[in-house]
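See below for the structure under consideration.
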Amino acid sequence: MVKKLKANLVSDQTINVLRKFMVFDDLSCKEIKKLLLADGDYHARIAKLCQYEAGETVIQEGDFDCWSFWVVKGQFDVIQNHEIVATFSKPGEIFGEMSVLEGIPRTASVVSKTRGICLCMDMSVTENLEDGHLVETIKKGFYRVILTRLNRTRDKMQREKEQIETKYSDLLSLENRIRGKA
């Protein structure tokens, strides 16, 4: 679960950064502020800006919750079996979403490598928002981010497949040359 915020990080500068996130493409600065500042009760919102110190655990493997995290600033390492398997550092990158989508416990831990800030969203209560436009925009943006990540993964796998096929072809050619000389 997301800890209490150490300081209110909502500012016009931060709102402008968040506005660039794919999940908020269709929202105005005013709507993003509304999402973050529920009638001035910052801690009552489903979306919070949280600051993490270097070395601080953001997500603990095995925990179960409905929070997703968007990088605003800093570097965050994804750790499985005591090994770093990914690092997120670009504003707008998302982590923690797979547990939310699949309804399963966290499959990895995430630790802040540097002091950082994340936009944290409790996806379990989006349905309770009264503003249907906000709900639909968040859902659409969330799935757009996931689809973009899946497309990048598919493209990377295709490039790696082509590299393996090329190496295999080169090995077959080398084997044929060796056999021809023998």
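Atom set for the values below is all heavy atoms of this structure, side chains included, hydrogens, waters and symmetry mates excluded.
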Problem - Flag if over 12 foreign heavy atoms under 6.0 Å of CG, Asn81 - result: no
Exercise for the section: Give a yes or no on whether Ile104 and Phe69 share a hydrophobic cluster (residues Ile, Leu, Val, Met, Phe, Trp, Tyr; joining criterion: side-chain heavy atoms under 4.5 Å apart). Expected result: no
Practice task
Hey, could you give me the CG/OG1 distance between Asp77 and Thr87, rounded to the nearest 0.5 Å?
Solution key: 4.0 Å
Exercise for the section: Please confirm whether the backbone N or O of Ser109 pairs with a side-chain atom of Gln80, one donor and one acceptor, at under 3.5 Å? Expected result: no
Problem - hydrophobic_cluster_shared for Tyr143 and Ile94, side chain cutoff 4.5 Å - result: yes
Exercise for the section: To the nearest 0.5 Å, tell me how far Leu119 CG sits from Ser68 OG. Expected result: 7.5 Å
Practice task
Please examine the side chains of Trp67 and Val100, heavy atoms only from C-beta on, and report whether any two atoms are closer than 4.5 Å.
Solution key: no
Problem - Spacing of CD belonging to Gln51 relative to SG belonging to Cys118, to within rounding of 0.5 Å - result: 10.5 Å
Exercise for the section: Identify the two heavy atoms, one from Ser112 and one from Gly116, that lie closest to each other, and give their separation to 0.1 Å. Expected result: OG-N, 4.0 Å
Exercise for the section: For Phe88 and Val71, work out which heavy atoms get closest and say how close. Expected result: CB-CG2, 3.9 Å
Practice task
Begin from the C-alpha positions of Lys161 and Glu165 and carry the test side-chain contact (heavy atoms from CB on, under 4.5 Å) through to its verdict.
Solution key: CA-CA 6 Å; Lys161 177 183 177 231; Glu165 287 172 347; 3.2 Å; yes
Problem - Residue among Ile59, Val110, Val111 satisfying side chain to side chain contact (heavy atoms under 4.5 Å, CB included) with Phe76 - result: Val110
Problem - Heavy-atom neighbours of Glu83 CD exceed 12 at 6.0 Å - result: no
Handout entry: N-O pairing of Arg149 and Glu93 below 4.0 Å
Key = no
Problem - Point-to-point distance, once rounded to the nearest 0.5 Å, from CD of Glu97 to CE of Met121 - result: 13.0 Å
Exercise for the section: Could you pull out the closest heavy-atom pair between Pro105 and Phe64, with the gap in Å? Expected result: N-CD1, 3.6 Å
Exercise for the section: Please check if atom OH in Tyr168 has more than 12 non-hydrogen atoms from other residues, nucleotides or ligands closer than 6.0 Å. Expected result: no
Practice task
Would you indicate whether the side-chain heavy atoms of Leu174 and Arg177 approach each other to under 4.5 Å?
Solution key: yes
Practice task
Answer yes or no: is there a side-chain heavy-atom contact under 4.5 Å between Cys66 and Asp122?
Solution key: yes
Handout entry: Closest non-hydrogen atom pair, Lys113 against Ala54
Key = O-CB, 3.6 Å
Handout entry: Pair Arg106 + Glu61, salt bridge at N-O below 4.0 Å
Key = no
Practice task
Could you tell me whether the side chains of Arg154 and Asn151 share a donor-acceptor contact shorter than 3.5 Å?
Solution key: yes
Handout entry: Main-chain N/O of Arg144 paired to Thr148 side chain as donor or acceptor, under 3.5 Å
Key = yes
Fill in the blank from the handout: Of all heavy-atom pairs linking Val78 and Ala108, the shortest is CG1-CB, 3.7 Å
Exercise for the section: Any chance you could measure Met98, atom CE, to Ile146, atom CD1, to the nearest 0.5 Å? Expected result: 6.5 Å
Exercise for the section: Quick one: pull up CE in Met123 and CG in Asp65 and give me the separation to the nearest 0.5 Å. Expected result: 12.5 Å
